[in-house]
Structures are given as C-alpha cells and as structure tokens.
Amino acid sequence: MKGCGLRILVTGGAGFIGSHVCDRLLSLGHVVSIIDNLSTGKRENVPPAAHFYEIDLNSPLDEVFAQESPEAVVHHAAHINVTQSVVRPGYDATVNILGSLNLLERCREHHVQRVIYAGTGGALFGEPDYVPVDEGHPVNPISPYGVSKHTVEHYLFSYRENHGLDYTVLRYPNVYGPRQDPHGEAGVVAIFALQLLKGERPVIFGDGSKTRDYCYVGDIVNANVIALNSAHSDVYNLGRGIEVSDLEIFEAVRNAVGSVIEPTYAPVRPGEVEHIALDASKAEKELGWTWTVDLNEGVAEAVAFYRARIEKNRA
Ligand code: NAD
C-alpha cells in the first residue's frame, strides 16, 4: 500500500503504542481514525487531528467503517494484562478474540485492503527451547493472553485464504517508552520509573534473573509504517534479540532516575516465562526493519517523560 493520504483506522489508538503509531501516521499525511473504549487508553493520548470514536471493539462498528472507509486497519486494541488473563480468561478472550473477530468481519464487509496486527512475541512461545526465538519456534503460550493474541493470527490467515484480506502480524517484544501505563504485559520500565521518582522501593518478582527483550516504542512504530507500505505481508518477530534481566532493567531505570533505592523481592507471578528474546532476522531481511534505539537512551526518554508528568501533576 504505497503513498500518503491513505485512510487508516487504528484500534487502541488512545493507548501507549497505538497513540504513537497515530502520531506518526498523521505526520506522514495519512487520514487517521481511532477506535478505543478508553479502558486503559487515555483521551489525552488521542491526537487532535485524528477522528476519534470512543466505542468498544465488540460493539457494532458499521457506522465507523461507513463513515471512514478505511483502506488499512492497524489493530492495537486488546486486553493486555497477562496476570488478569490467568484470573479472567473469558474476559480476555471476549476482548482479544471476539473483539478482533468483530473487527475482521467489518474489514471483510467494507473491503479493507490490509490489516496490521499487533501480536505478542513475549507471551507466545512459552519457555523457549532456544533464545533468541525465531518464527519457526513452537508456539506454546502459557497465559490465556498469549493464547488469545495468537488465536487472532489464525483468524487472519483464515480471512486471507477465504476472503483475500491481506495482513501482517508484528509480534512485539517488551515495548517501552513515553505514555506507557504501569500495567499490562510489559510495563516494568514505567512501574520502576514512577516508583523510583516518587522515592518508593520497586518490587522485583523472582530473583531478578528473568530476562526480557526490550524495544523502544519509536522502533515499533517504524515497523508499523514499514509493514503498511511493504510488498511483503507475513508474520514477523520484532525485538533486539538481547536478553535483559529484571535486575539489569532495574539498574538502567535507576541510573536514568539518579536514585540509590534498592528493590525488594516477591514470588514470581503465574503465567510468566523465565527467559525470552526475539530474533528479528526475518523482519530485517524482508521488511528492512531493525531496532535503532539503545536501551539506556530509550530508558532515559521514558524516565524524562514520567519526571515531567510528576512535576506537572505537582504544579
Ligand atoms: P494499551 O493498554 O496502552 O493499549 C491498548 C488500547 O486498547 C487502550 O487504549 C485500550 O483502551 C484499548 N482497548 C482495550 N480493550 C478495548 C476494547 N474492548 N475496545 C476498544 N478499545 C479497547 O497497551 P499497549 O501496550 O499500547 O498495547 C497495544 C497492543 O500491543 C496490544 O494489542 C498488545 O497486545 C500489543 N503488545 C504490546 C506489548 C507491550 O510491550 N506493550 C507487547 C506485545 C504486544
């Protein structure tokens, strides 16, 4: 899908990653509309130039599609709380599976050309056989969230086979950066930053040796833009391929904050894997995507955002 001025519908556009995607699409000259029920997203994240619909993914979406006639849909709306998905798998599935299905039905009826789907790489593979994990690794999600996010990949395949709906799945690692809320799959940078800035002691679940692959939100936005324009449409793992331990990410945030506070430790939470990092070689080869923002640089950006927010709230 080449060119600017495309009509693009972004679900979850009031959320952390979705709102950054909207900002970039608007800056590139696209016409952006947003569906978001503000369950975790914020009104203040919605760019003024976007057409905003405060509705649920599971509600009738015909009016939005009729009004906006989107050529592409970038699907970020989801229930993203891994721990909650273990407690309430039905709710998680209602949002992530049935909500996505409702969206895909409208895409089919309204002749959308391409869907970009924000998948998960971090919650998809279970405890991996090898790290970094490529797309050929067996899929064994431990949490219901991982199951629901992956299920949509199958529906996308089915819609392409049956209805010719083109799609690309971008499987994200732990994405972090400004606007992230301290909840969900990967909010640890936000959590540590806010706690340390307030002088509180962060909790590390486990002994600090669990590892994750952290990628700055700007790099993830780049992948969305490339995927929209690419001749390739497939499933891609994204990430830096580098394992960062909980203690290392704590240190990175603590350095950026300039704090000397020590963490406390608590038992590991259910549904979490020990080690994960994603091999993005396929995305690099086919899409020409690679990460650009170094961990300390990205963490400093995130901490600056939370510092400014705390100061604004104090004023
Ligand atoms: P987020 O919570 O900030 O964004 C999700 C958005 O979806 C929110 O604005 C929320 O209000 C909206 N939403 C939720 N349920 C909805 C519903 N039923 N109807 C309409 N809107 C609804 O989370 P995020 O971190 O920006 O995640 C965005 C996407 O990226 C999600 O699909 C998530 O699964 C995926 N993802 C994120 C990460 C990460 O590290 N943050 C990792 C892997 C995958």
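Atoms within each ligand, like the ligands themselves, are counted from 1 in listed order. Values in this document were obtained by computation on a predicted structure and should not be read as measured data. Position 1 is the first residue of the sequence, and the numbers go up from there.
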Tell me the nearest of Arg212, His79, Lys42, Lys149 to atom 32 (O) of ligand 1, using heavy-atom distances. Lys149

Looking at Arg212 and Asp246, is there a salt bridge between them, counting it only when a charged N and a carboxylate O are closer than 4.0 Å? no

Should Ala14 be listed as contacting ligand 1, given a heavy-atom distance under 4.0 Å as the test? yes

Measure the distances from the heavy atoms of Tyr176 to every atom of ligand 1 and state whether one is below 4.0 angstrom. no

Against ligand 1, does Asp56 come closer than 4.0 Å with any heavy atom? yes

Of the options Phe192, Phe305, Tyr306, Tyr216, which is the one that meets Tyr176 in a ring-ring contact (aromatic ring centres under 6.0 Å, His included)? Tyr216

Quick check: Gly41 and ligand 1, any N/O pair under 3.5 Å apart? yes

Say whether Ile35, considering both its backbone and side-chain N or O atoms, lies within less than 3.5 Å of an N or O atom on ligand 1. no

Cut-off 3.5 Å, no hydrogens considered: what does the side-chain donor-acceptor table look like for residues 255-263, sequence neighbours left out?
residue : atom : partner : partner atom : Å
Asn255  : ND2  : Glu251  : O            : 3.4
Ser259  : OG   : Ile261  : N            : 3.0
Glu262  : OE2  : Arg254  : NH1          : 3.4

Can you find a pair of side-chain heavy atoms, one from Pro128 and one from His137, that are under 4.5 Å apart? yes

Look only at interatomic distance and state if Tyr172 has a nitrogen or oxygen under 3.5 Å from any nitrogen or oxygen of ligand 1. no

Heavy atoms only: which of Ala77, Gly177, Ala123, Ser39 lies closest to atom 7 (O) of ligand 1? Ala77

Looking at Val175, Asp213, Ile220, the heavy atom closest to atom 40 (O) of ligand 1 belongs to Val175

Worked check of salt bridge (charged side-chain N to carboxylate O under 4.0 Å, His left out) between Arg106 and Asp62: CA-CA 7 Å; Arg106 302 295 84 75; Asp62 282 306; 3.5 Å; yes

Do any nitrogen or oxygen atoms of Asp36 come within less than 3.5 Å of a nitrogen or oxygen of ligand 1? yes

For Gly18, is at least one N or O under 3.5 Å away from an N or O on ligand 1? no

Test your reading of the structure: does Gly15 have an N or O sitting under 3.5 Å from an N or O of ligand 1? yes

Inter- and intrachain pairs under salt bridge (charged side-chain N to carboxylate O under 4.0 Å, His left out), touching residues 17-30, at least two apart: Asp23-Arg179

